[in-house]
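Have a look at the structure below, then the notes.
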Amino acid sequence: MNRLAVELPGLSLKNPIMPASGCFGFGKEYAQLYDLSKLGAIMIKATTPETRLGNPTPRVAETPAGMLNAIGLQNPGLTKVMENELPWLEQYDVPIIANVAGYITEDYVAVAEAISKAPNVHALELNISCPNVKQGGITFGTDPKVAEELTRAVKAVSSVPVYVKLSPNVTNVNDIGKAVEAGGADGITMINTLLGMRLDTKTGRPVIANVTGGLSGPAIKPVALRMVYDVAKQVSIPIIGMGGIATIDDVIDFLSAGASAVAVGTANFVDPFVCPTLIDELPNKLDELGFNTVSELVGRSHRL
Amino acid sequence: MNRLAVELPGLSLKNPIMPASGCFGFGKEYAQLYDLSKLGAIMIKATTPETRLGNPTPRVAETPAGMLNAIGLQNPGLTKVMENELPWLEQYDVPIIANVAGYITEDYVAVAEAISKAPNVHALELNISCPNVKQGGITFGTDPKVAEELTRAVKAVSSVPVYVKLSPNVTNVNDIGKAVEAGGADGITMINTLLGMRLDTKTGRPVIANVTGGLSGPAIKPVALRMVYDVAKQVSIPIIGMGGIATIDDVIDFLSAGASAVAVGTANFVDPFVCPTLIDELPNKLDELGFNTVSELVGRSHRL
Amino acid sequence: MIRQEQMQVVNQRQIATNIFELTLSGHLAHEMNQPGQFVHIRVSDQLEPLLRRPISISSINKEALEFTMIYRADGRGTILLSEKKQGDQVDVLGPLGNGFSIDKVQAGQKALLVGGGIGVPPLYELSKRLVDKGVQPIHVLGFQTKDVVFYEKQFTELGETFIVTADGSFGHAGFVTNVLETLEDDFSVYYSCGPTPMLAALEKMYPEKEGYLSLEQRMGCGIGACFACVCETTEKTDADYVKVCSDGPVFESGVIRV
Amino acid sequence: MIRQEQMQVVNQRQIATNIFELTLSGHLAHEMNQPGQFVHIRVSDQLEPLLRRPISISSINKEALEFTMIYRADGRGTILLSEKKQGDQVDVLGPLGNGFSIDKVQAGQKALLVGGGIGVPPLYELSKRLVDKGVQPIHVLGFQTKDVVFYEKQFTELGETFIVTADGSFGHAGFVTNVLETLEDDFSVYYSCGPTPMLAALEKMYPEKEGYLSLEQRMGCGIGACFACVCETTEKTDADYVKVCSDGPVFESGVIRV
Ligand SMILES: Cc1cc2nc3c(=O)[nH]c(=O)nc-3n(C[C@H](O)[C@H](O)[C@H](O)COP(=O)(O)OP(=O)(O)OC[C@H]3O[C@@H](n4cnc5c(N)ncnc54)[C@H](O)[C@@H]3O)c2cc1C
Ligand SMILES: Cc1cc2nc3c(=O)[nH]c(=O)nc-3n(C[C@H](O)[C@H](O)[C@H](O)COP(=O)(O)OP(=O)(O)OC[C@H]3O[C@@H](n4cnc5c(N)ncnc54)[C@H](O)[C@@H]3O)c2cc1C
Ligand SMILES: Cc1cc2nc3c(=O)[nH]c(=O)nc-3n(C[C@H](O)[C@H](O)[C@H](O)COP(=O)(O)O)c2cc1C
Ligand SMILES: Cc1cc2nc3c(=O)[nH]c(=O)nc-3n(C[C@H](O)[C@H](O)[C@H](O)COP(=O)(O)O)c2cc1C
Ligand code: FES
Ligand code: FES
């Protein structure tokens, strides 16, 4: 019996660690460094119906213990992803979670319906929380009613379980979590980035061409952990937690707070081997803490 | 003519730099280290009608490039602040901004009416954004209507201009900013802390007895800067900016984003001399950037 | 007077498993007048780790303008501190707080000093001062295991010294209280620094004795401004609360709700 | 193959105002086959500063398993890097990207190498390889002022070298283009690395020539996964965009909208 294994709607994970969407492209680049079959799953870059060229550059900026990004959901579009990216990933024994985005509900529905039929796509992640696009994205993630309806519309057409990715840029994240659960979501992924900005002190100009960007990395871990801890109390569907995870202790903290699995984003840029390293470190950490399986650890902070 | 001087409602500041509320007590401690008359102003610890003993300990925890706190608005209460703290501060040539807090509107009104009569209190800062108290605090800062009414009620009784301190834990900070302006606020101070938490990885227990706490320090600067930049576009009243300020470049960034002055909180714990140091560094920085006065710099990012 | 100074590392050495002895030099040492005070140390000039670390002063050498600390390199900050080498600079704020008073104990009398783990260091300067005053110190020092025991020799040179280890791997086995029970209580004052349960046990054991306890709390500012480090008080004082950093870290026994 | 390795500092020295030459050793150097590639460096093992810094490879010594970089210590990360001493470890990811191709230029022909500021370093390994191939390099290197000029001697040893400073404090005054105008264009290929305006000027000057330009962009991953470093392309290619880190940093002239 594999003590790291985690069973989630649509996902039989070898281990609870996966790269977060947008920080791992479609896997090709990291495949040069290690065997992707080692990963619990892969959350691929957001896919939209059409090809998107994203925002002007600069698109990233460094901040204290974090970074800002405003990529703007650049991606080759549904057709190319279905024809090139997903088939290429089939050579690896790893479930794919397809991150779905769009301007309007119909976009989400169109992408979800098609991409959920790809053999290696085992779940969808609805990106209703991208802070870097003018239309769509976050606008769906800040109003409970809108989030619930979008979830319901996508559930109606998806061939695989649907996870909804929550934005931290809200007054009450619990309401959004409960709303998407009511809309039929099979799970929640959280958190997306916090809206932030950096100025070039010399010129006074925003460093990022898009003016604002999404804050990620260790700096946001306390906010992410608090939100996972709160939402875990409110919903009965599983949570895949993320936000600043860089070390094995971070992984333990998110599982303790109630996440059933975790995703690693920005840390891949700092240490490209971070995911396999965390997977290797997890068993010893479980021993050290006196837990047999990952599942035993999940939500322990709520049981103390 | 003093190139660092800033004129704000009720406040003739020698310079735009002041310690943030709760990070400087009532001044006595830092007075052992330097002459408080050097400061642009002092934002004193939140004052409530009654004595408050605050939350259980531990009350603080370190996070990546930041810290969490859940002090719980501990303070000696209105009477003692009026009788001991404010008179003691009169020996210094520095305007006091009194941070006002309470459970219900009547608390705010009572404290505001009385404390605004103290000779050295030149402005009030309504704390409708404290994340660490069960009642009052942030509950006033997340609903525009409630924030507007509280502002109006306090304005009606205050003998000095009223600044309202905004919470970053909202979906749309602009709406709150516009609401308090409509309620008659003379200025805005922002931001208060972001709600966060830290777990003890060994035990899975929250490090902070209050479970959650307010995140402050350099980690939150990108969020604070973005909010100041956005709100400055929406309101015509002045903003005192704060959130992660530790270096002279941080000061410049907040002024560029539209803050007329800045407050320094957490950085006082890291470097107790940070405020006088920043004040000393400011003139050279202005020269380096080619500005004669602080006022010329304010909001430059919006004019590019 | 409280000062902030870039002090120089005179010497740093490991004296037990993960336990380091660090000696710094600078004018700040000139301000150190009382045993039991502490300093607030910035371990990195980057933004990470951010907060200062409070560490007790374990011995003072005013003539040489030097002082010594003993600490356990455990978390991120103290591990960084343990990497400082001779000649490196360390940003120190101090001396902070109020230490152990030796006014009420007279030459010829006995004083009991009880330390637990990293609570032991401040007792060393205290013991030296008691000896200088003609007071006879008795040391009871508790550690987890043999490999984290330190300064046995130094304390023995100053007076009778009992070492206790929780696992019995060195000295007496068990808790300091097990040894205390075997001692006659002919001492006129006791001093203690260590885990709160130990301090509570001492108060219970010696309700009639005059005692001084050094407490620990998570800190922000370290100088009394942020209200991070407060402790609840008892009827024995009319203060509603005290701050460990500026009112303490040393308090008279019975004053704090431990 | 891309590797990540803790490489050892063989030598670091300042060669001009705020300009450092850093030589590292490790197996990673064995993977370096092309001039113009870069490495992605982690400057601190703390969380701050967080991101890696991209720095070009300026020369490679495969036998010794060493390579050298030249960089300006300017912001927080590069200043930290400049404090590394002999024997220290540096976390390096690389070699990354595609460098300068020397396939299309033949022995006996001339090649023009134009560098600006911190764009000069990658041209050094390139020039050595051209010389090895029997190609005759002409170097035109632009700097702001005299005190940031570096490697004049090294380039001169390889071929004709013109130094240009914006303030005229050394060599020719003005921009590299001022010198280029005075040169006859009997070279068969040109290579350039430096500020985008300079690259744009070169494309305008030599529309008919075969050229290779090395670009800069802010980076996240450095290996092609995050879409941080994309550039707009022209009709000359059917790709909608390119990534500087993995498709570049070197591109054929005319391919990128500069
Ligand atoms: C007045 C006083 C005197 C002290 N004297 C000594 C001494 O002489 N020798 C010694 O080894 N230790 C001493 N300590 C404990 C010491 O401060 C902590 O061990 C140290 O701060 C832990 O930092 P870290 O980087 O190792 O751990 P981290 O886990 O990185 O620390 C994270 C944060 O928690 C705080 N923290 C963690 N543990 C403690 C603690 N036990 N007390 C207070 N804050 C803590 C840190 O200061 C930091 O802000 C003293 C504490 C106080 C309050
Ligand atoms: C492919 C490539 C090759 C390079 N080769 C060299 C070289 O050989 N020598 C040299 O001195 N410089 C080189 N640079 C520029 C170098 O990467 C930056 O000067 C450096 O990253 C600045 O970091 P900092 O810590 O000094 O500044 P900071 O202001 O602390 O940097 C903050 C963030 O912005 C990024 N950044 C800042 N300036 C640049 C820039 N010009 N290009 C890309 N990212 C930047 C940093 O990487 C970091 O993520 C190269 C850049 C690229 C893209
Ligand atoms: C460069 C970059 C690109 C991202 N792109 C996406 C995306 O396409 N879709 C999405 O849902 N989240 C995206 N994110 C958010 C991450 O998936 C993750 O939610 C966030 O970065 C917090 O995790 P971290 O702190 O570990 O990076 C992106 C983040 C970064 C840094
Ligand atoms: C220990 C601590 C106590 C605080 N107490 C108060 C308070 O009483 N009233 C208030 O309005 N803000 C309080 N704050 C928030 C600060 O005033 C400031 O808004 C916030 O910390 C962001 O600034 P910084 O990043 O510079 O610390 C407190 C912050 C800290 C760290
Ligand atoms: S640590 Fe700030 S009051 Fe004690
Ligand atoms: S830096 Fe990530 S794609 Fe180029």
Side-chain angles (χ1 to χ4, degrees), chain A residues 61 63-68 138 142-143 167-172 194-206 211-213 215 217-230 244 246-257 285 288-289 297 299-304, chain B residues 61 63-68 138 142-143 167-172 194-206 211-213 215 217-230 244 246-257 285 288-289 297 299-304:
Chain A
T63 69
M67 71 176 280
L68 291 165
I138 200 166
T142 51
D143 178 333
S167 168
N169 302 293
V170 295
T171 306
N172 189 333
L194 279 159
L195 203 50
M197 86 185 280
R198 180 179 170 176
L199 291 174
D200 177 325
T201 307
K202 280 202 191 71
T203 64
R205 290 206 169 72
V211 179
T212 61
L215 181 63
I220 70 168
K221 182 193 163 188
V223 174
L225 197 61
R226 185 264 302 179
M227 290 187 168
V228 167
Y229 182 87
D230 286 350
T247 68
I248 192 66
D249 282 10
D250 297 330
V251 172
I252 299 300
D253 291 347
F254 275 83
L255 296 174
S256 303
K285 196 68 186 185
E288 190 187 312
L289 296 170
L297 191 70
R300 73 169 164 153
S301 299
H302 299 280
R303 296 187 295 269
L304 295 169
Chain B
T63 69
M67 69 176 281
L68 292 164
I138 200 166
T142 50
D143 177 333
S167 168
N169 303 293
V170 295
T171 306
N172 189 333
L194 279 158
L195 204 50
M197 88 184 279
R198 181 179 168 173
L199 292 174
D200 177 326
T201 307
K202 281 202 192 70
T203 64
R205 289 205 169 72
V211 179
T212 61
L215 182 63
I220 71 169
K221 182 193 165 191
V223 174
L225 197 61
R226 185 264 302 180
M227 289 188 167
V228 167
Y229 182 88
D230 285 350
T247 69
I248 192 66
D249 282 10
D250 297 331
V251 172
I252 299 299
D253 291 347
F254 274 84
L255 296 174
S256 303
K285 195 69 186 185
E288 190 187 313
L289 296 170
L297 191 70
R300 72 170 165 152
S301 300
H302 298 280
R303 296 188 295 269
L304 295 169

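Each chain gets a letter, A, B and so on, in the order its sequence line appears, and its residues count up from 1. The structure presented is a predicted model; accordingly, all values stated were derived computationally and were not measured.
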Point to revise | Interatomic spacing from CZ in A:Arg226 to CG in B:Leu195 - rounded to 0.5 Å | key: 4.0 Å
Review point. Of the backbone (N, CA, C, O) and the side chain (C-beta and beyond), which part of A:Arg198 lies under 4.5 Å from a heavy atom of chain B, both, or neither?
Key: backbone
Review point. Of the backbone (N, CA, C, O) and the side chain (C-beta and beyond), which part of A:Ala61 lies under 4.5 Å from a heavy atom of chain B, both, or neither?
Key: neither
Exercise for review: Against chain B, work out which of A:Ser167, A:Gly196, A:Gly217, A:Ala219 has the most heavy-atom pairs shorter than 4.5 Å and name it.
Suggested key: A:Gly196
Study note, to complete from the structure: Closest heavy-atom pair, A:Thr201 versus B:Arg300, reported as atoms and distance to 0.1 Å, is O-NH2, 2.5 Å
Exercise for review: Could you have a look at B:Ser256, B:Ala224, B:Ala65 and say which one has the most heavy-atom pairs with chain A under 4.5 angstrom?
Suggested key: B:Ala65
Check your understanding: From A:Leu68 CG over to B:Leu225 CG, what is the distance, rounded to the nearest 0.5 angstrom?
Key -> 9.5 Å
Point to revise | Inter-residue atom distance A:Asn172.CG - B:Asn169.CG, 0.5 Å rounding | key: 11.0 Å
Point to revise | Most chain B-contacting option - heavy-atom pairs closer than 4.5 Å, from A:Ile252, A:Ile220, A:Asp249 | key: A:Asp249
Practice item. Would you give the length of the straight line joining atom CE of B:Met227 to atom CE of A:Met197, rounded to the nearest 0.5 angstrom? Key: 13.0 Å
Check your understanding: Using non-hydrogen atoms only, which part of A:Thr203 is less than 4.5 Å away from chain B: side chain, backbone, both, or neither?
Key -> backbone
Point to revise | Largest heavy-atom contact set with chain A, pairs under 4.5 Å, which of B:Val223, B:Thr171, B:Asp230 | key: B:Thr171
Point to revise | Trace of the side-chain contact (heavy atoms from CB on, under 4.5 Å) decision for B:Val211 with A:Tyr229 | key: CA-CA 10 Å; B:Val211 179; A:Tyr229 182 87; 3.8 Å; yes
Study note, to complete from the structure: Rounded to the nearest 0.5 angstrom, the NZ-CG distance for B:Lys221 and A:Leu199 is 7.5 Å
Check your understanding: Quick check: does any side chain N or O of B:Ser301 sit under 3.5 Å from a backbone N or O of A:Gly204, one acting as donor and the other as acceptor?
Key -> yes
